[in-house]
Amino acid sequence: MNNLFSLKDQTILLTGSLGLIGKEITKSLYEFGANLILTDIHDEDFYIKNYEQKIKSLRINDNQKILYKQADITSIESIAELIDFSEKRFNRIDTLINLAGTDAKIDEELNINLDSFENFPIDLWEKSIDININGVFKITQSVSKHMKKHKSGNIILTASTYSLVSPNHNLYNNTNSSTRISKPIDYVASKSIIPNYTRYLATHLSKNGIRANYVVPHGVENKNPQWFKDNFSKLSPLSRMCNVNELCGPYVFLASKASSYMNGASIVVDGGWTAW
Ligand SMILES: NC(=O)c1ccc[n+]([C@@H]2O[C@H](COP(=O)([O-])OP(=O)(O)OC[C@H]3O[C@@H](n4cnc5c(N)ncnc54)[C@H](O)[C@@H]3O)[C@@H](O)[C@H]2O)c1
């Protein structure tokens, strides 16, 4: 039977592949038949030590390949090496999935209140802009040139609910513990470009056979403290956080022929957070 969701004979380049979401969707993209070029800022030794065995255990046939190549999405030279590597190994990149990103974490040692807009550190702001905006621009620009040569391509970006709405203070409200969690301005501002950036790609690259769409994840559970999960549940229409495997379907769908008429669109996977 013709499987609409099959990724057989496709080569997918996945940035941020060693992160929380990247590790999970790698398994599904592989199960649906894709060849994968995994990339992240960590070097090959780190990959071999921490991930290679797990990746090898996914193998179900010898024709399908998963390769790892270190690359920094903020460096044009590093991206050029990644594309050269991909062309030599697979000839072409059919789909680019952008997951690489950063957000300022709580810095307990510095004791910086990242929630304070007035005092938000400029260096953390610049770091987020460099990765979440400049890096995403550099990797999509370079890969789209490669795709243009082949007259086809598929670009999937990753936004956030904070590309659509502001963080709700009630989620981060915790009076019983000294642990502070926040979603500060660097993340909100830098992720906000994704929706309209994607629309620009969708409308300007489609004449070259390239389409672009984005996924909007929200609240993926990852060893969060109980008070945070409780706050989240009260605010979420589904009354819970997202299991990371609930993102596999949307990425597989956007990478597959099943979504061939989608262009410049989003898949919001937020349990209804932005539907209130
Ligand atoms: N986890 C969530 O709840 C959530 C919610 C909404 C949106 N998102 C978005 O989804 C994407 C993936 O999130 P995640 O939770 O897996 O994050 P993560 O931090 O676990 O993974 C991000 C990966 O990007 C890599 N990276 C950072 N800077 C890089 C650079 N300069 N070059 C190459 N790689 C670099 C990191 O090494 C890391 O492996 C991010 O864009 C994030 O903004 C996540």
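Each ligand, and each atom within it, is numbered from 1 in the order the structure gives. Throughout, residue positions are numbered sequentially from 1 according to the sequence presented.
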Tell me the ring-ring contact (aromatic ring centres under 6.0 Å, His included) pairs involving residues 123-148, sequence neighbours left out? His146-His150
Under 3.5 Å, is there a donor on one side chain and an acceptor on the other for [X] and [Y]?
| X | Y | answer |
| --- | --- | --- |
| Thr158 | Tyr251 | yes |
| Ser116 | Asn119 | yes |
| Arg89 | Thr11 | no |

Should you measure from each heavy atom of [X], which atoms of ligand 1 turn up under 4.0 Å away?
| X | answer |
| --- | --- |
| Ile73 | 30 (C), 31 (N), 32 (N), 33 (C) |
| Ala71 | 32 (N), 33 (C) |
| Gly101 | 22 (C), 24 (O), 27 (C) |
| Leu18 | 39 (O) |

Checking the side chain of [X] only, and the main-chain atoms of [Y] only, is there a donor and an acceptor separated by less than 3.5 Å?
| X | Y | answer |
| --- | --- | --- |
| Ser259 | Phe253 | yes |
| Thr74 | Asp130 | no |
| Asp230 | Phe228 | no |

Between [options], flag the one that comes closest to [atom] by a heavy atom.
| atom | options | value |
| --- | --- | --- |
| atom 40 (C) of ligand 1 | Thr102, Thr158, Leu99 | Leu99 |
| atom 13 (O) of ligand 1 | Ile21, Asp130, Ile41 | Ile21 |
| atom 35 (C) of ligand 1 | Ala100, Ser190, Cys242 | Ala100 |
| atom 38 (C) of ligand 1 | Leu82, Asn134, Asp40, Val136 | Asp40 |

Could a heavy atom of [X] be found less than 4.0 Å from some atom of ligand 1?
| X | answer |
| --- | --- |
| Tyr187 | yes |
| His42 | yes |
| Gly219 | yes |
| Ile131 | yes |
| Ser75 | no |

N or O pair under 3.5 Å between [X] and ligand 1:
| X | answer |
| --- | --- |
| Gly19 | yes |
| Asp72 | yes |
| Thr161 | no |

Thr198: which residues meet the side-chain hydrogen bond (donor to acceptor under 3.5 Å, both in side chains) condition with it, sequence neighbours left out? none
For this output row, return yes or no: ring centroids of Phe232 and His218 closer than 6.0 angstrom. yes
At a non-hydrogen distance cut-off of under 4.0 Å, which region of Ala159 contacts ligand 1 (side chain, backbone, both, or neither)? backbone
Is the shortest side-chain N to carboxylate O distance from Asp84 to Lys88 below 4.0 Å? yes
Identify the two heavy atoms, one from Gln64 and one from Asn35, that lie closest to each other, and give their separation to 0.1 Å. CA-OD1, 3.4 Å
